[in-house]
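What's counted below: heavy atoms across the whole structure, side chains too, no hydrogens, waters or symmetry copies. Below, read A as the first sequence line, B as the second, and so on, with proteins coming before strands; counting in each chain starts at 1.
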There are 2 protein chains.
Amino acid sequence: MAGQQPTLRAQRRAETQHAIQTHAVRLFRERGYDATTVADVADAAGVSPMTVYRHFPTKEDLVLVDQIGALVADRIAASPATRTLVGRIGGALVDAATALTGEDPESEGKFLLARTQLMISTPALRARHLDNQYLLQRAVVDALGDDVADPDAVFRAQAATSACLAALHTALVRWAEDDGRSALPELIAQALTASFGDDVLDHRR
Amino acid sequence: MAGQQPTLRAQRRAETQHAIQTHAVRLFRERGYDATTVADVADAAGVSPMTVYRHFPTKEDLVLVDQIGALVADRIAASPATRTLVGRIGGALVDAATALTGEDPESEGKFLLARTQLMISTPALRARHLDNQYLLQRAVVDALGDDVADPDAVFRAQAATSACLAALHTALVRWAEDDGRSALPELIAQALTASFGDDVLDHRR
DNA sequence: CTCCAAATGTTAGTGACTACCAAGTTGGTA
DNA sequence: TACCAACTTGGTAGTCACTAACATTTGGAG
C-alpha cells in the first residue's frame, strides 16, 4: 500500500493536484478567500472547474488537504517503540517540520507558511484547523501495534495526540504571525517542552 | 434593553419568525434537512424566501437560533452571588429546562425535543451544537459584575460555563435518544452532579 | 495491438445566498 | 387628523458552490 511504484498516471494526477492547490493558495492570499471563485482557481491552474472538484471535494479542502499528515504518520510508525508516546509524536512533528522548511525557500516551506497564514486569517477555515487530526490519531493507534485491543492504550494514544496537536497549533500560529522568520521546528520543540518538560525530546538531542 | 413594551411591529415580527422556525423544524424532521429547501420552508410558512433570509441569515440558523440562551442568561444574572458559579449556571439550566418542558405538551417542550433530535442527527448541525455557547459565556461574565477586571475570575467563569455546557450536552443527547420520555431537568441535574458532586445544586433542594 | 479504466471536459441543473428596487404598514409627530 | 420616516415584505435577477450525466482522450495491462 505504501511502496507502490509511481506510475505515470499517478504522477500526472499528483502534478495536477499540486498545481491546483498551489494556485488556489496563491490566489486566496492575493485576493482573499471569499473573493476568489473555484472557477478562478481552475483557470489559473489550467484545468476545468470539474477537475478541481474531482481532486478537492469542497473549496475549503483546497486549503485544508495536506500531505503533511501522512508524512508525520510515517515517521511515527518508524520511531522506536521504546520512547514515550509524546516523544514519538513530538519527534515526528519536529522532524517533519525540519524536512519541510529546510528545503530551498521557494519550495514547500513557503507554501506551508502561506497555507497556515491563510487558515488562521480566514474564519471559515480557522474553525477546521484541526480537522486532519484523525490522520494522526490513526497513525498513532497503528503504531501501537497489537496494543489496540487494550482500550486504555487507545485512550492514552488519543490524549497524547491531542496534546501534541495543541502544541503544534501553538507553534504554527506563532510561526505564521512571525511571518516565518522563526524556525518552525524550534517553535514546535519549545511548545512541546513547555507542556511536557525539557526531556520530552531528549532521545534526539 | 430588556423591558421594552412589545410594540405591534415587534409582535408581528416575532410571530413570523416563530412560524418560520416551527415549520422549518417540522419539515426538516419530516423530509430531512438536506432534502428540504429554504423555498419549501418559505412556502409552508406562507412567506417569501427573502423573508426567511431576513429573519435567519443561513439555513442552519433555522435550527440553531434559539431563545433559550437568553432565558438561561436572565436566570443566571438573577441568581444570588453567594452560590458557586457552577451552582448558579447549573441551577439556571435546570430551571429553564423545567419552564420549557413543563408547559402543555404541544408547546415549547415538543419543539425543543424536535429541534434537539434534529441537531444531533444532522451532521452539518451537530458540529455547531455548542455555537450558542458565547451567549452563556457573556451572561456569566456579566453576572460576575465588577470582578471582570480580574482575569482569573473570567477564566474561572469560562471554565465553569464550558463544564456546565458539556453536562447540558450529555443530558440533551440522552433526552433526545430517549425520545423525550425522561424528564429533561432531572437529566441535567444528574449530569451536573455526576461531574461536580451531589451538592452542586443543594441550594435549590 | 486491443481493450479497459482512469482522467478530464462539457453541459445543464439545483439550491443557498445577495443586491437592488418597489410597495405596503406601522408608529410617532406636527 | 394628516404626514413622514422607519420597518417589513415581495419580486427580480444574479452569483457561486456543488452535482449528475454523457462524451472524449489517454495511460496501462493482457
Side-chain angles (χ1 to χ4, degrees), chain A residues 1 3-25 27-28 30-65 118 122-125 127-128 131, chain B residues 1 3-25 27-28 30-65 118 122-125 127-128 131:
Chain A
M1 181 192 205
Q4 217 93 356
Q5 58 167 340
T7 164
L8 180 59
R9 188 123 64 182
Q11 198 174 330
R12 287 231 190 280
R13 182 173 175 80
E15 281 170 15
T16 332
Q17 193 161 331
H18 187 261
I20 293 173
Q21 195 177 28
T22 304
H23 282 104
V25 170
L27 288 179
F28 289 162
E30 285 175 9
R31 314 181 188 171
Y33 179 78
D34 290 328
T36 308
T37 72
V38 175
D40 292 338
V41 175
D43 281 348
V47 297
S48 89
M50 268 310 303
T51 302
V52 174
Y53 282 114
R54 273 194 260 260
H55 284 273
F56 302 91
T58 74
K59 186 182 178 183
E60 290 183 352
D61 286 319
L62 281 168
V63 184
L64 296 173
V65 167
L118 189 60
T122 306
L125 300 174
R128 300 189 50 189
D131 272 16
Chain B
M1 179 192 212
Q4 216 95 352
Q5 58 167 341
T7 162
L8 180 59
R9 193 124 63 182
Q11 196 174 330
R12 288 231 189 280
R13 182 173 176 78
E15 281 170 14
T16 27
Q17 192 161 332
H18 187 261
I20 292 173
Q21 196 177 27
T22 304
H23 282 103
V25 170
L27 288 179
F28 289 162
E30 286 175 9
R31 312 181 190 173
Y33 179 78
D34 291 327
T36 308
T37 72
V38 175
D40 292 339
V41 175
D43 281 347
V47 297
S48 89
M50 274 303 308
T51 303
V52 175
Y53 282 113
R54 270 194 263 262
H55 285 272
F56 302 91
T58 73
K59 186 182 177 184
E60 290 184 351
D61 286 320
L62 281 168
V63 184
L64 295 172
V65 167
L118 190 59
T122 307
L125 301 173
R128 300 190 50 188
D131 273 15

When you measure from the side-chain N and O atoms of [X] to the phosphate of [N], is any distance below 4.0 Å, counting only OP1 and OP2?
X       : N     : value
A:Thr16 : C:dA7 : no
A:Ser48 : C:dG9 : yes
A:His55 : C:dA7 : no

Which listed nucleotide ([options]) is nearest to the side chain of [X]?
X       : options                : answer
A:Arg9  : C:dA5, D:dT9, C:dC17   : C:dA5
B:Thr7  : C:dT8, C:dA16, C:dG27  : C:dG27
B:Lys59 : D:dT8, C:dC17, C:dG9   : C:dC17
A:Met50 : D:dG27, D:dA20, C:dA16 : D:dA20

Rounded to the nearest angstrom, tell me the gap between atom [atom1] in [X] and atom [atom2] in [N].
X       : N      : atom1 : atom2 : value
A:Asp34 : C:dA19 : CG    : P     : 12 Å
B:Phe56 : C:dA16 : CZ    : C1'   : 16 Å
B:Asp43 : D:dT9  : CG    : C1'   : 15 Å
B:Asp61 : C:dA16 : CG    : C1'   : 13 Å
A:Arg31 : D:dC16 : CZ    : P     : 11 Å
B:Phe28 : C:dA16 : CZ    : P     : 8 Å
A:Leu62 : D:dA17 : CG    : C1'   : 11 Å
B:Glu60 : C:dC17 : CD    : C1'   : 13 Å

Might you point out which heavy atoms bring [X] and [Y] nearest each other, and give the distance in Å?
X        : Y       : result
A:Val47  : A:Thr16 : CG1-CG2, 3.9 Å
A:Leu118 : A:Val63 : CD2-CG2, 3.8 Å
A:Phe56  : A:Ile20 : CE1-CG2, 3.7 Å

Please tell me which of A:Leu8 and A:Thr37 maps to the more 5' nucleotide of DNA chain D, matching each residue to the nucleotide holding its nearest heavy atom.
->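 It is A:Thr37, whose closest nucleotide lies nearer the 5' terminus.
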
Could a donor-acceptor pair under 3.5 angstrom be found where the side chain of A:Arg54 meets the base of C:dG9?
-> yes

For DNA chain C, whose closest nucleotide is more 5', that of A:Val47 or that of B:Tyr53?
-> A:Val47

Between B:Phe28 and B:Leu62, is any pair of side-chain heavy atoms under 4.5 Å apart?
-> yes

Is the shortest heavy-atom distance from the side chain of B:Thr37 to the side chain of B:Arg31 under 4.5 Å?
-> no

